[in-house]
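I have placed the structure first, in the form of structure tokens, so that the comments after it can refer back to it.
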Amino acid sequence: MAPRNIIIDTDPGQDDAVAILLALASPELNVLGITAVAGNVPLNLTQKNARIVCELAGFPETLVFAGCDTPLSRKLVTAEHVHGKTGLDGPQLDAPEMPLQDAHAVDWIIETCRAAQAKSITLCPLGPLTNIATALTRAPDIKDAIEEIVLMGGAYFAVGNITPAAEFNIYVDPEAAKIVFDAGLPLTVMPLDMTHKALTTKPRIDKFRQMGTTVGTMTAAWTDFFERFDMEKYGSEGAPLHDPTVIAYLINPDLFTGRQINVEIETQSELTLGMTVADWWGVTDRAPNCMFMGDLDAEGFYELLAERLATLQ
């Protein structure tokens with residue numbers, strides 16, 4: 001079977017970095033390019049971090065594009081309190097040597113989709129949905145090329161991690177999220193309800209460190225840094241490794257379980273702005289618009305991560 005063509009839209013972020021590493025290490029996936037968006041940190045850092053990760057993985061030929069530096073209609077909210085001032089705090093790598101591509105990420109997404117066969121590209125947003133929503137709004141015809149959107153974002157039972165009601169990626173640009181959820185495309189959502197079951201326990205992090213490779217050492221160091229915030233916040237034994245679940249799903253969907261449900265995005269309320277209102281129990285007559293994941297095989301997920309990252313330098 002031919003590799004699945006994917007575009008990773010991201011705001012690295014230590015967990016985004018691990019997701020990129022997993023994608024580049026997996027022969028089932030063909031990473032057409034990586035598009036950076038403002039989110040965890042501003043755009044000048046997210047595009048730099050994406051290139052740092054590609055070089056770390058040994059894939060400097062990967063195309064990386066800078067996209068939108070602000071949400072569609074709001075001021076940017078960032079998450080340095082979680083990821084550190086660079087977004088990749090912990091032991092740092094040198095500035096990347098590989099170039100940033102000249103084209104704007106949204107223009108490149110549109111051009112790439114228009115040149116592709118029908119239903120041949122999967123979009124993998126790991127951050128705020130500004131780039132994806134802008135592309136869909138500017139060029140609705142690109143929907144023909146999109147096989148599926150698999151994104152990390154939202155929550156229902158786990159409620160919010162940036163406000164009492166909202167998950168960070170959706171909260172940063174709720175108007176963009178609404179456009180994506182209302183687009184009528186096949187959509188799979190990896191919410192906090194599921195990612196909070198994918199904890200970076202000490203044995204799991206030690207497995208990365210024991211690889212004895214640069215990638216293994218950096219992954220362990222990044223997760224060591226990343227987990228301190230969530231362990232203190234939730235009192236858990238580790239931190240949720242959110243974004244790699246998107247990539248793991250593309251490789252082995254059997255690791256995940258969920259339901260086809262309706263999810264609406266709150267864009268008006270000051271109290272619940274960015275909330276993903278998930279009709280998990282089917283109490284409305286709203287038509288399902290996404291597969292909303294509720295659980296995963298955490299051991300299988302981390303086994304896949306360790307197996308694939310061990311193949312990198």
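Keep in mind that the numbers below use all heavy atoms, side chains included, and drop hydrogens, waters and symmetry copies.
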ask   = Checking salt bridge (charged side-chain N to carboxylate O under 4.0 Å, His left out) for the pair E147/R4: CA distance, chi angles, key distance, verdict?
value = CA-CA 10 Å; E147 177 181 359; R4 186 169 184 168; 3.8 Å; yes

task = Could you walk me through whether N40 and H83 pass side chain to side chain donor-acceptor pair (under 3.5 Å), step by step?
result = CA-CA 7 Å; N40 285 323; H83 299 279; 3.3 Å; yes

inquiry  = Could you walk me through whether D16 and Q14 satisfy the side chain to side chain donor-acceptor pair (under 3.5 Å) test, starting with their C-alpha distance in whole Å, then the side-chain angles of each, then the deciding distance to 0.1 Å, before giving a yes or no?
reply    = CA-CA 5 Å; D16 304 71; Q14 290 90 352; over 6 Å; no

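Between F301 and F256, the ring-plane angle classifies as perpendicular under the 30° and 60° cut-offs.
Between F65 and W108, the ring centre distance stays below 6.0 Å.
A salt bridge links E28 with R308: at least one charged nitrogen is closer than 4.0 Å to a carboxylate oxygen.
In this structure, N262 CG and D279 CG are separated by 6.0 Å, a value rounded to the nearest 0.5 Å.
No side-chain donor-acceptor contact under 3.5 Å links T257 and D295. There is no side-chain donor-acceptor pair under 3.5 Å between N131 and T134.
The shortest side-chain heavy-atom distance between L151 and T188 does not fall under the 4.5 Å cut-off.
With E80 contributing its side chain and G87 its backbone, the two residues share no donor-acceptor pair below 3.5 Å. No donor-acceptor pair closer than 3.5 Å links the side chain of T219 to the backbone N or O of G216.
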